[in-house]
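Here's the structure, in structure tokens; my notes come after.
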Amino acid sequence: MSEAQELDLLRQQIDSLDQQIQQLINQRARCAQAVAEVKHKYAQPGEHVVFYRPEREAQVLRNVMARNEGPLPDEAIARLFREIMSQCLALEEPLQVAYLGPEGTFTQQAAVKHFGHAVQCRGQVSIADVFREVESGAANYGVVPVENSTEGVVTHTHDSFFDSNLKVCGEVTLRIHHHLLVKQPGEKIERIYSHAQSLGQCRRWLDQNYPNVERIPVSSNAEAARRASKEQGAAAIAGEAAAELYQLTVLSANIEDRPDNTTRFLIIGRQETVPSGDDKTSILVSSRNQPGALYQVLEPFHQAGISLTRIETRPARSGAWNYVFFIDFEGHIKDAPIVSVLDELRKVALDFKWLGSYPKAVL
């Protein structure tokens, strides 16, 4: 058998498999439509029917990765299923997702990574605006950055939870690669625009390569790219999406100081999320200003053997030198050990607020 004949047989096999895959995807889509019909059938008059279930999607993706036999890696196969699920969900209810914009930001990339390309993403000017869009019902969900592995916490997100009743219903992590972008390679760079967090994440590289160039913080990396596309002598630090959107050239790639530079984003919504089997919980706790206050807050977790994944401190609004603690830990608020710990915590805390329990990031 010749090379051409062998290739022809393989291509025929691929065509046959493609046809089967297409039929199965459409069969899955019809099942999704049937799910929507059943939910509407049994909904009470005036009841808002919820179609997106974070815990269900997390379980599906975990199962996909667990049964994967290759050669595609687990994350690649999960991303394919994420898009299938996104398109199927759009048949039930097209989701409106607010994110910290404008178009081309890493937050938009995080929104697409979590929800897939079938959702309708709407960029907002500020984190507070993202919260307002979801609170008002104009958006089903919001995506906001909460911490970066290099620069630490995003304080505006934490502060927004003080006055909001929204719940954290998911999380997504995104590897952040920063590039130095210019409109005309070879042109002298007089100023570099970027978000303050991104400037911090590239500080050492900038000190080494452009020590005397002015660094100007702006509202987002996409805004930095927009300015670099219009101003002579300007450069921007941003990602590939912004470079493509504003037709800029990557002068230097991957300039972040730490190769593992990662940002964690929260998915915020109006409903609570039921257990998925592998969850996190976020709470806000304020303690009395007295010796051993932090120990009293943390001791119940230690006694129960519950792992804390993050703890941050923010100034309280109740007075100078009073603080609140933002704590993330493993488990769901409905898990029996967590119920006991939170009961103990309420006894010693001056104030307590549950921010949400949600599936751990899968991708």
Side-chain angles (χ1 to χ4, degrees), residues 50 52-62 64-65 74-75 78-79 81-82 85-86 89 95 97-100 105-116 119 121 124 127 130-131 134 139-161 164-176 197 260-284 306-312 314 325-335 338 353-363:
V50 177
Y52 173 67
R53 298 286 299 274
E55 76 288 347
R56 168 63 179 161
E57 294 215 352
Q59 291 166 348
V60 170
L61 291 176
R62 289 176 197 147
V64 164
M65 297 171 76
D74 289 351
E75 185 167 336
R79 286 183 184 276
F81 271 82
R82 160 62 71 206
M85 293 160 65
S86 179
L89 180 62
L95 289 182
V97 177
Y99 68 93
L100 179 61
T105 60
F106 288 115
T107 311
Q108 184 188 24
Q109 293 182 39
V112 172
K113 180 180 180 181
H114 186 82
F115 290 101
V119 299
C121 292
Q124 305 298 315
I127 289 172
V130 175
F131 273 77
V134 181
N140 301 100
Y141 298 94
V143 182
V144 290
V146 67
E147 62 175 328
N148 175 263
S149 60
T150 303
E151 285 297 289
V153 66
V154 180
T155 57
H156 293 304
T157 296
H158 274 173
D159 292 347
S160 295
F161 280 110
S164 176
N165 290 321
L166 295 180
K167 297 299 180 188
V168 182
C169 53
E171 66 171 0
V172 57
T173 58
L174 191 68
R175 282 283 289 108
I176 303 296
Q197 282 257 340
D260 61 345
N261 187 37
T262 302
T263 296
R264 176 173 171 248
F265 300 83
L266 297 180
I267 313 301
I268 55 175
R270 294 184 298 277
Q271 85 277 3
E272 299 177 6
T273 303
V274 302
S276 73
D278 190 13
D279 302 289
K280 280 184 182 178
T281 294
S282 297
I283 60 174
L284 182 158
I306 294 172
S307 176
L308 303 184
T309 58
R310 185 176 67 106
I311 180 169
E312 300 285 350
R314 291 291 295 151
F325 303 104
F326 287 85
I327 303 174
D328 294 346
F329 54 90
E330 294 182 350
H332 193 282
I333 194 171
K334 293 186 177 179
D335 297 342
I338 304 299
K353 186 175 185 180
W354 173 58
L355 303 182
S357 296
Y358 48 92
K360 291 181 183 178
V362 178
L363 292 174

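In what follows, every heavy atom counts, from backbone to side chain, and hydrogens, waters and symmetry copies are set aside. Positions are given from 1, in the same order as the sequence printed here. It should be emphasised that the depicted structure is a prediction, and the values quoted were computed from it without experimental measurement.
Salt bridge present: Asp278 and Lys360 bring a charged side-chain N and a carboxylate O closer than 4.0 Å. Salt bridge Glu75/Arg79: present, at least one basic N to carboxylate O contact under 4.0 Å.
At least one donor-acceptor pair closer than 3.5 Å links the side chain of Glu171 to the backbone N or O of Ala361. A donor-acceptor distance shorter than 3.5 angstrom exists from the side chain of Thr157 to the backbone of Pro145, with no hydrogens or angles considered. With hydrogens and angles disregarded, no donor-acceptor distance shorter than 3.5 Å links the side chain of Asp335 to the backbone of Ile338. Between the side chain of Thr309 and the main chain of Asp328, a donor-acceptor pair closer than 3.5 Å is present. The main-chain N or O of Ile333 is found under 3.5 Å from a side-chain atom of Ser357 such that the two form a donor-acceptor pair.
Nearest heavy-atom pair, Pro359 versus Ala58, reported as atom, atom and distance to 0.1 Å: CB-CB, 3.6 Å. Gln197 and Val153 get closest at one heavy-atom pair: NE2-O, 3.7 Å. Contact detail for Cys169 and Pro54: the closest heavy-atom pair is O-CB, 3.4 Å. What you find for Thr262 and Asp260 is that their closest heavy atoms are OG1-O, 2.8 Å.
None of Arg62, His332, Arg53, Gln59 except one satisfies the side chain to side chain donor-acceptor pair (under 3.5 Å) rule with Ser276; the exception is Arg62. Just one of Phe161, Tyr358, Tyr141 meets the side-chain contact (heavy atoms from CB on, under 4.5 Å) condition when paired with Ile268; it is Phe161. When each of Val60, Val274, Asp279 is checked for a side-chain contact (heavy atoms from CB on, under 4.5 Å) with Glu55, only Val274 meets the rule.
The aromatic rings of Tyr52 and Phe115 sit tilted relative to each other, their planes meeting at an angle between 30° and 60°.
For Tyr99 and Gln109, the side-chain atoms include no donor-acceptor pair closer than 3.5 Å. Residues Thr150 and Asn261 have side chains that bring a donor and an acceptor to within less than 3.5 angstrom of each other.
For the atom pair CD of Glu330 and OG1 of Thr281, the computed distance is 10.5 Å after rounding to the nearest 0.5 Å. Rounded to the nearest 0.5 Å, atoms OG (Ser164) and CZ (Arg270) are 11.0 Å apart. Taking CG of Leu174 as the reference point, atom CG of Leu363 lies at 11.0 Å (rounded to 0.5 Å). Taken to the nearest 0.5 Å, the NZ atom of Lys167 stands 13.5 Å off from the CG atom of Leu266. The distance from the CD atom of Glu147 to the CZ atom of Phe326 is 12.5 Å, given to the nearest 0.5 Å. To the nearest 0.5 Å, the span separating CG on Leu355 from CG on Asn165 amounts to 10.5 Å.
In this structure, Leu61 and Met85 have side chains that are in contact, with non-hydrogen atoms separated by less than 4.5 Å. By the 4.5 Å heavy-atom criterion applied to side chains, Leu100 and Ile127 are counted as neighbours.
For CZ of Arg175, the number of neighbouring non-hydrogen atoms (other residues, nucleotides, ligands) closer than 6.0 Å is greater than 12.
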**Message:** Please determine whether side chain to side chain contact (heavy atoms under 4.5 Å, CB included) holds for the pair Lys113 and Arg82, giving the CA-CA distance in whole Å, both sets of side-chain angles, and the decisive distance to 0.1 Å.
**Reply:** CA-CA 8 Å; Lys113 180 180 180 181; Arg82 160 62 71 206; over 6 Å; no

**Message:** Checking Val143 against His114 for the side chain to side chain contact (heavy atoms under 4.5 Å, CB included) test, could you report, in this order, the C-alpha distance in whole Å, the side-chain angles of both residues, the deciding distance, and whether it holds?
**Reply:** CA-CA 9 Å; Val143 182; His114 186 82; 6.0 Å; no

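Ala98 is linked by a side-chain contact (heavy atoms from CB on, under 4.5 Å) to Gln124, Val130, Glu133, Ala139, counting only residues two or more places apart in sequence or in another chain.
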